[in-house]
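One structure is given here, and the rest of the page talks about it.
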Amino acid sequence: MPQQDTIKARQERINNLCVKTYLEILGYGTIVSHRGYAIFPSPFREEGTLYVDYGTNKARLSTGKQLGGVLDLASTLFKVPKTTILNNIMQYRIDQLMDRCKDRQGAIW
């Protein structure tokens, strides 16, 4: 059971990192960054845009589909389970995001 808690804690910690910064690390340019939100082109085949709410630090598509935090977004974007991302954070550039967040915890804007 303790190992399960550790995995859950790691997932939560990564999901709380800055979604906007993660998208920028992946090479997605911000269309608009305004008080309270940022808008990116959709990284998916769907037309539309991706919104990042600074207050909740969650991403959603203009179609209304909720994507969640960094780990949720990466899992959807790369079409792999969250555990795969946790086991290889370098491949998914999560390590760069952690370095940019300095103390490797929390979101920065």
Side-chain angles (χ1 to χ4, degrees):
M1 220 41 158
Q3 186 176 6
Q4 190 71 4
D5 292 340
T6 303
I7 291 170
K8 196 173 196 175
R10 286 178 63 202
Q11 287 178 343
E12 187 175 322
R13 196 165 118 204
I14 290 173
N15 251 342
N16 287 331
L17 295 171
C18 181
V19 175
K20 178 183 180 286
T21 303
Y22 185 58
L23 286 164
E24 292 170 344
I25 287 169
L26 294 177
Y28 296 100
T30 309
I31 296 171
V32 173
S33 183
H34 195 358
R35 177 188 262 176
Y37 64 91
I39 301 173
F40 292 85
S42 176
F44 304 100
R45 292 181 188 205
E46 302 145 3
E47 293 287 324
T49 52
L50 184 139
Y51 291 82
V52 177
D53 183 307
Y54 292 163
T56 63
N57 191 39
K58 303 290 183 212
R60 70 170 176 81
L61 292 172
S62 57
T63 60
K65 180 178 179 183
Q66 299 291 322
L67 298 172
V70 170
L71 189 59
D72 300 323
L73 176 63
S75 179
T76 303
L77 187 62
F78 295 109
K79 298 178 182 166
V80 295
K82 293 174 187 176
T83 53
T84 301
I85 296 168
L86 287 174
N87 291 329
N88 193 353
I89 61 171
M90 289 177 65
Q91 181 177 346
Y92 300 99
R93 298 188 182 178
I94 304 284
D95 62 321
Q96 292 177 26
L97 178 61
M98 292 171 131
D99 286 343
R100 212 178 275 182
C101 291
K102 302 196 194 288
D103 66 356
R104 297 182 171 247
Q105 292 186 33
I108 60 169
W109 301 107

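Below, each value reflects all heavy atoms present in this structure, side chains not excepted, and no hydrogens, waters or symmetry copies.
Under the salt bridge (Lys or Arg N to Asp or Glu O under 4.0 Å) criterion, the residue pairs touching residues 59-75 are Asp72-Lys82, with sequence neighbours excluded. The ring pair (Phe, Tyr, Trp, His ring centres under 6.0 Å) analysis of residues 56-75, with sequence neighbours excluded, yields no pairs.
Lys20 has its side chain within reach of Phe40: a pair of non-hydrogen atoms, C-beta onward, lies under 4.5 Å apart. You'll find the side chain of Arg10 reaches within 4.5 Å of the side chain of Leu86, heavy atoms only. Two residues are said to be in side-chain contact when any heavy atoms from C-beta on lie closer than 4.5 Å; Arg35 and Tyr54 fail this criterion. Counting only heavy atoms from C-beta outward, the side chains of Thr49 and Ser42 never approach each other to under 4.5 Å.
Gln96 meets the side-chain contact (heavy atoms from CB on, under 4.5 Å) test with Ile25, Arg93; sequence neighbours excluded. Partners of Phe44 under the ring-ring contact (aromatic ring centres under 6.0 Å, His included) rule, at least two apart in sequence or in another chain, do not exist in this structure. Among residues two or more places apart in sequence or in another chain, the ring-ring contact (aromatic ring centres under 6.0 Å, His included) test is passed with Tyr22 by none.
One distance of note links CD of Gln11 with OG of Ser75; it measures 9.5 Å at 0.5 Å rounding. If you take OH on Tyr92 and CG on Leu26, they are separated by 12.0 Å, rounding to the nearest 0.5 Å. Atom-to-atom distance recorded for Asn88:CG and Ile94:CD1 is 10.5 Å, nearest 0.5 angstrom. Atoms CD1 and CD1, on Ile14 and Ile85 in that order, are 8.5 Å from each other to the nearest 0.5 Å. Leu73 CG to Leu17 CG: the interatomic distance, rounded to the nearest 0.5 Å, is 12.0 Å.
Apart from Ile39 itself, the hydrophobic cluster it occupies contains Ile31, Val32, Tyr37, Tyr51, where clustering links Ile, Leu, Val, Met, Phe, Trp and Tyr at side-chain heavy-atom distances under 4.5 Å.
Closest non-hydrogen pair, Ser62 versus Gly48, comes out as OG-CA, 3.4 Å. The two residues Lys58 and Gly69 make their nearest non-hydrogen contact at CD-N, 3.7 Å. Across every non-hydrogen atom of Leu50 and Pro43, the tightest pair is CD1-CD, 3.7 Å. The two residues Pro41 and Gly29 make their nearest non-hydrogen contact at CD-O, 3.2 Å.
Using a 4.0 Å cut-off between charged nitrogen and carboxylate oxygen, Glu12 and Lys8 do not count as a salt-bridge pair.
Looking only at distances, a side-chain donor or acceptor of Asn57 sits under 3.5 Å from a matching main-chain atom of Val19. A donor-acceptor pair is defined here as one N or O able to donate and one able to accept, closer than 3.5 Å; such a pair exists between the side chain of Asn15 and the backbone of Val70.
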